[in-house]
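Comments concern the structure below.
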Amino acid sequence: YKWGEADALQEHGYYKGDNGALEESIVAYDVAIKLVQRESDRQAWGRLQSLLGRALRTLGERESGTVRLEESVSTYRLALKELARDRVPLDWAQAQQNLGTALWMLGERETGTVRLEEAVATLRSALGGLEREQVPQFWAEAQVNLGNALSALGEREGNTSRLEEAEVAYRAALEETTRERAPLDWAMMRSNLGAILWRLDERENNTARLEEALANLRLALEERTREREPLGWAATLNNLALVLSDLGERENSTARLEEAIAAYRLALEERTREREPLGWAATQHNLGATLEDLGKRENSTARLEEAIAAYRLALQERTREAVPLDWAATQNNLGNALVALGERESDTVRLEEAVVAYRAAIEEWTRERVPLDWARAQVNLGSALNKLAYRKTGKAKVEMWLAVVEAWGNAQKLFDKEKAPIKWASAQNSIGYTMILIGEEENNPARYELAIQMLREAFFVQQQIRDQSLPFTADS
């Protein structure tokens, strides 16, 4: 009876976003586990541990800490001690899949790739124990979770091939999951496919990807309704808004951006801070990014202030301790919005706040962990310092420009002259031009000589690749 009660509570809590029901299911599973003698019925005991782990994982996914997720991993490992592959291969594969999913969720909140790599290996192992013909739905579920882990790992590593593998996994899952047979699972898979297509577009700048992503997400929302699955509906709306925002930027369409903002605000009605703090923070972050884009396009101070407010709200849950890389991403975006607003104001307060935000981001976005993000933040930091320098005088101006040179120089270290000549030359050009400004301010010929050397190097690379888009080089 307790087992059945726990299952019913878990299903309700999952689909209806009811964390109280999940808490009750955990209590019921604990009672059921105590009633089953491990020595007399190892298989039942192991299954109950696996189900308990699933309830802990779902709750942990919605909470900002990692305690529940850690408990979930421990519980799955206990289950696997009794669910041996040679005795109960299907139960083993299911527990293995659940373990891999929990490891993926933990890995997303950590800075390295160890958990994510373990998640991918564990999920591949689970798929090795599942016959597609015998258990198509279990096989499809494992493909989805493998896709999730590959997506997170690809994002962390900046590895497009991982994202492409994730796309293959989602499409494979959809081959076995029809809308008629399992509408909510089908909708979840459509939503995930839409999200990965969006991520791939970020690297390929392929509008066809975005259009396909949009179509998949709109299909998902036909089944993943607010009434049937409120948190899933909100997650899909969030993904839809991401795509709309990128399309709006690409098409120069204010209407798309307005539609994205409306979708984010609607999602936040269900994705509340109390119910799903990290999901709420992610949507606040995304809302801030779209408000920032719209504010720049409309030259609207009000929109930029709204963006800053959304980023600051996100940082209340996206803390450095809980999710350091996400915290850094929001700090970087906050810096961008502060710069945009600071450019419109006569004082330097906003620009100085932006510098603080970028420097905070760089503390977690390190070159070793996320080199491309580190370089992006260094470029942003240099740009903010450059804008500040123009508002300074004398020695303070020179010191500011020297800090600009340092930040842009750091970013340039990531660009190989042979493999990424345009990026290298662009950075070299910007640094060389800044050295001219320093030389003018100091009346220092040595600065000019260094600038000439740097600009000649940039100009030579520009001529080699026949790229005329780099500013200043020839004139400087």
Side-chain angles (χ1 to χ4, degrees), residues 296 332 335-336 338-363 365-368 371-476:
K296 290 175 181 175
N332 179 75
N336 293 342
L338 287 164
V339 166
L341 197 55
E343 287 179 304
R344 291 161 171 78
E345 296 175 348
S346 57
D347 62 34
T348 61
V349 173
R350 300 286 195 178
L351 292 174
E352 287 163 358
E353 286 179 2
V355 168
V356 171
Y358 290 134
R359 284 186 167 142
I362 289 165
E363 289 177 16
W365 268 3
T366 64
R367 184 177 180 179
E368 296 71 31
L372 293 177
D373 290 332
W374 171 81
R376 179 153 54 101
Q378 292 283 1
V379 169
N380 291 342
L381 172 62
S383 297
L385 288 166
N386 192 42
K387 293 179 196 308
L388 266 174
Y390 279 103
R391 302 190 185 187
K392 303 290 183 181
T393 57
K395 186 178 179 182
K397 176 175 277 195
V398 170
E399 288 176 351
M400 198 70 73
W401 269 328
L402 288 171
V404 171
V405 168
E406 181 183 7
W408 285 345
N410 284 337
Q412 190 190 32
K413 291 173 187 175
L414 206 64
F415 308 136
D416 185 278
K417 192 192 296 188
E418 307 301 325
K419 294 179 182 177
I422 293 175
K423 288 183 177 179
W424 183 90
S426 180
Q428 183 83 344
N429 170 66
S430 297
I431 295 166
Y433 186 72
T434 307
M435 292 304 300
I436 293 175
L437 298 175
I438 295 170
E440 287 177 344
E441 191 67 31
E442 292 180 333
N443 193 22
N444 184 346
R447 300 287 195 192
Y448 288 125
E449 288 172 5
L450 180 58
I452 289 167
Q453 180 187 340
M454 297 182 78
L455 289 162
R456 277 182 174 152
E457 289 173 352
F459 190 51
F460 175 76
V461 171
Q462 183 180 358
Q463 288 180 312
Q464 293 294 107
I465 59 179
R466 301 183 183 279
D467 187 294
Q468 302 302 316
S469 64
L470 300 179
F472 301 127
T473 304
D475 291 343
S476 298

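None of these values were measured; they are calculated from a predicted model.
- By the 4.5 Å heavy-atom criterion applied to side chains, R391 and L388 are not counted as neighbours.
- Counting heavy atoms of neighbouring residues, nucleotides and ligands inside a 6.0 Å radius, atom NZ of K423 does not exceed 12 of them.
- From L437, atom CG reaches atom CH2 of W401 across 4.5 Å, with rounding to the nearest 0.5 Å.
- Summarising the geometry of Q428 relative to A458, their closest heavy-atom pair is CG-CB, 3.8 Å, with the distance given to 0.1 Å.
- Inter-residue side-chain proximity for Y433 and M454 is flagged as unmet; no heavy-atom pair is nearer than 4.5 Å.
- For the side-chain contact (heavy atoms from CB on, under 4.5 Å) with I438, the qualifying choice from N444, V405, L450 is V405, the only one to do so.
- Formation of a donor-acceptor pair under 3.5 Å by the W408 side chain with backbone atoms of I431 is not found in this model.
- For Q453, the side-chain hydrogen bond (donor to acceptor under 3.5 Å, both in side chains) test picks out no residue, with sequence neighbours left out.
- Taking both residues in full, the closest heavy atoms of L414 and A375 are given as CD2-CB, 3.5 Å, listed atom of the first, atom of the second, then distance.
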- Evaluate the side chain to side chain contact (heavy atoms under 4.5 Å, CB included) criterion for residues R367 and Q378: first the C-alpha distance (whole Å), next the side-chain angles of each, then the deciding distance (0.1 Å), finally the verdict. CA-CA 10 Å; R367 184 177 180 179; Q378 292 283 1; over 6 Å; no
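- The closest side-chain heavy-atom distance from F460 to E457 is not below 4.5 Å.
- Between A377 and I362, the shortest heavy-atom distance links the atoms CB-CG1, 3.6 Å.
- Between the S426 side chain and the I422 main chain, no donor and acceptor come within less than 3.5 Å of each other.
- Using a 4.5 Å heavy-atom cutoff, the side chains of L455 and I436 are in contact.
- No side-chain donor from either of W424 and D416 sits under 3.5 Å from a side-chain acceptor of the other.
- Taking NZ from K397 and CD from E440, the interatomic distance works out to 10.0 Å, rounded to the nearest 0.5 Å.
- For the pair W374 and N410, the minimum side-chain heavy-atom distance is below 4.5 Å.
- Closest heavy-atom contact between A411 and V379: CB-CG2, 3.6 Å.
- Counting all heavy atoms, side chain and backbone alike, A451 lies closest to G432 at CB-O, 3.4 Å.
- Interatomic distance, E399 CD to E441 CD, rounded to the nearest 0.5 Å: 11.5 Å.
- Atom NZ of K417 is separated from atom NZ of K419 by 15.0 Å, given to the nearest 0.5 angstrom.
- Put simply, the side chain of Y358 gets close to the backbone of N336: a donor and an acceptor are under 3.5 Å apart.
- To the nearest 0.5 Å, atom CG of residue D373 and atom CG of residue N332 are 8.0 Å apart.
- Within the 4.5 Å cutoff, the side chain of R344 has no heavy atoms near those of the R350 side chain.
- Inter-residue side-chain proximity for L338 and L351 is flagged as unmet; no heavy-atom pair is nearer than 4.5 Å.
- In the displayed structure, D347 atom CG is contacted under 6.0 Å by more than 12 heavy atoms of other residues, nucleotides or ligands.
- At a threshold of 4.0 Å, the pair E352-K392 counts as salt-bridged, since one of the basic side-chain nitrogens sits closer than that to a carboxylate oxygen.
- Atom CD of E406 sits about 8.5 Å away from atom CG of L381, to the nearest 0.5 Å.
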